[in-house]
Amino acid sequence: MRKTADAGKGGMMSETISGGHLVAKALKAEGVDVIYTLCGGHIIDIYDGCVDEGIEVIDVRHEQVAAHAADGYARITGKPGCAVVTAGPGTTDAVTGVANAFRAESPMLLIGGQGALSQHKMGSLQDLPHVDMMSPITKFAATVPSTERVADIVSMAFRECYHGAPGPSFLEIPRDVLDAKVPLEKARLPKAGHYRASTRQQGDPEAIERLADMLAHAEKPCILLGSQVWTCRATDAAIDFVRALNVPAYMNGSGRGTLPPGDPHHFQLSRRYAFTNADLIIIVGTPFDFRMGYGKRLSPTAAVVQIDLDYRTVGKNRDIDLGIVGDAGLVLAAAAQAASGRIENAVTKRKEWMDELRAVETQAYEKRLPRQLSGAQPIDPYRLVHEINEFLTEDTIYIGDGGDIVTFSGQVVQPKSPGHWMDPGPLGTLGVGMAFAMAAKQARRDKEVLCLFGDGAFSLTGWDFETMVRFDLPFIGVIGNNSSMNQIRYGQAAKYGEDRARVGNTLGDIRYGDFAKLLGGYGEEVRDPAEIRPALERARESGKPSLINVWVDPEVYAPGTMNQTMYK
């Protein structure tokens, strides 16, 4: 803010404030303490405002990374993330990150620059119809029309992020709107905590009673705890629900880690068996999308209950017996309370069902264990993800960024705590890993961050390893290197034959450990499976951003890749 003479008031001094400083004040009111950005002349006044408001500015090497980092920040903290990019190509570079947040239900605000209003439709530098492009992949997209309304519309965009299931918003702010200064008293500045209402809904009481009754009569129930369990911070309610009602629990997306490995209600490898044989299946906070076979993988004779923040998701792609719109934690807590006192016999009877599932689980684990302990060279990917799983602590945030190699990890890696699993989500975006690691470490410096990359995925955004070094954000990066986009390669071989299996999917044999050293981090090359754990330990001890480049067998594919389940 600046004090300037106002002749209309007899020369008295009045405070003025610029549009960029109003943006920063609105971000501060929302609780944003960092923005991710790549600089451009259209947006620099926002930086100046952030300096005054104590908001950290992390500048990256590609706008896609900035948007992914804002998404990752929201997932880790529960607060909305914010990315700021310049107009035109700066904004279009960020589209992928916004689209990923949209499909993953992650609240973030992307602010894009724009040419001056005074140059509207004149062909100004980097002028594009940003709002038109962003509208289909955001919950709210708008142009800020005047400096007086900058903070007002920023707060409006944040408010819209939380309408129904969370998601991203977009604002473009013309340069003359950002640079102009207006009298402070004329600017609308929403007060922190006074422009949003609680969106937590408990669900229809009659539906809660119906669910309690279904639980009382079910002999073989199971529950899938999806990403909204973490979004709603419903971990405690979910744990209380499955333990009090003796319900076996499966987890996907950000719901992984809700129950710790070894918990008697934690199941992972018997999900297909459970979905085929259960008489009651409760799906919490995950849609019937490709990951769920569009609902077709659920038994046609089971009663199906779907709980979700978004009315539009409930019953989409598959008929259900009961749908409840509401906050996962409130709904599960209410259902457990309603069912208490009427399900004692059912809880006891479910021991046989739990034992049945545990036997399936144990059999699947023992069948795969020799692969996980394999000493083969090139390294079996199962051995790599096994070593990573054994290496994780309760304070390790695990990130998966890749195709085939991350499909392996989904079967084996089990985060030890809630909120400690990150993956792109249903858009299947490659290249999120570096940005998610950046956001996770910046937001939670007390946590260890480990990211497993495919070599193809790392190549997309890997130069921001330098950003991690520059901002002193140590993390453990592991690359499962098969010099291929192997998930696609398998599909091509199966469809067109081995003679056309390597068209457009084969990469160079890159020593990424040396790449890490070049940029000031720690790096190693690993070809012997016995060296994986020692290399991970050395990366941990280095205190630097690191890359452990593990050469895995390119002729070994994950079962999900071989089944091509993502396309079925």
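Throughout, numbering of the chain's residues begins at 1 and tracks the sequence.
Residues passing the side chain to side chain donor-acceptor pair (under 3.5 Å) test with Thr506 are Arg502, sequence neighbours excluded. Listed by chain and number, the residues in a side chain to side chain contact (heavy atoms under 4.5 Å, CB included) with Ala437 are Ile399, Val449, Met468, Phe475 (sequence neighbours excluded). Qualifying side chain to side chain donor-acceptor pair (under 3.5 Å) partners for Thr313, counting only residues two or more places apart in sequence or in other chains: none. By the side chain to side chain contact (heavy atoms under 4.5 Å, CB included) test, Ala516 is found to be paired with Phe465, Leu547, residues two or more places apart in sequence or in another chain being considered. Looking at residues two or more places apart in sequence or on another chain, you find a side chain to side chain contact (heavy atoms under 4.5 Å, CB included) between Asp509 and Ser483, Trp551. Qualifying ring-ring contact (aromatic ring centres under 6.0 Å, His included) partners for Phe267, counting only residues two or more places apart in sequence or in other chains: Tyr250. Listed by chain and number, the residues in a side chain to side chain donor-acceptor pair (under 3.5 Å) with Thr37 are Tyr47 (sequence neighbours excluded). For Leu38, the side chain to side chain contact (heavy atoms under 4.5 Å, CB included) test picks out Glu63, with sequence neighbours left out. Taking the salt bridge (Lys or Arg N to Asp or Glu O under 4.0 Å) definition, one finds that Arg75 meets it with Asp71, sequence neighbours left out.
Within a 6.0 Å sphere centred on OH of Tyr294, other residues, nucleotides and ligands contribute more than 12 heavy atoms. For CD of Glu394, the number of neighbouring non-hydrogen atoms (other residues, nucleotides, ligands) closer than 6.0 Å is 12 at most. Heavy atoms of other residues, nucleotides or ligands lying less than 6.0 angstrom from CZ of Arg500 number 12 at most. In Gln363, the CD atom is not crowded: 12 or fewer heavy atoms of neighbouring residues, nucleotides or ligands sit closer than 6.0 Å. The environment of NZ in Lys416 is crowded: more than 12 heavy-atom neighbours from other residues, nucleotides or ligands sit within 6.0 Å. Within 6.0 Å of CZ on Arg358 lie more than 12 heavy atoms contributed by other residues, nucleotides or ligands. The local environment of CG in Asp319 is sparse, with at most 12 non-hydrogen atoms from other residues, nucleotides or ligands closer than 6.0 Å.
Applying the salt bridge (Lys or Arg N to Asp or Glu O under 4.0 Å) rule to pairs touching residues 448-462 yields Glu448-Arg540, sequence neighbours excluded. Under the ring pair (Phe, Tyr, Trp, His ring centres under 6.0 Å) criterion, the residue pairs touching residues 482-504 are Tyr490-Tyr557, with sequence neighbours excluded.
Between the Asn317 side chain and the Asp289 main chain, no donor and acceptor come within less than 3.5 Å of each other.
Side-chain contact annotation: Gln487 with Thr561, donor-acceptor N/O pair under 3.5 Å present. Donor-acceptor pairing under 3.5 Å is recorded for the side chains of Asn549 and Glu525.
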Table please: side-chain donor-acceptor pairs of residues 423-434 below 3.5 Å, with sequence neighbours left out.
| from | atom 1 | to | atom 2 | distance (Å) |
| --- | --- | --- | --- | --- |
| Asp423 | OD1 | Gly425 | N | 3.1 |
| Asp423 | OD2 | Trp421 | NE1 | 2.9 |
| Thr429 | OG1 | Asn100 | OD1 | 2.8 |

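The pair Arg470-Asp59 meets the salt-bridge criterion, since a charged nitrogen lies less than 4.0 angstrom from a carboxylate oxygen.
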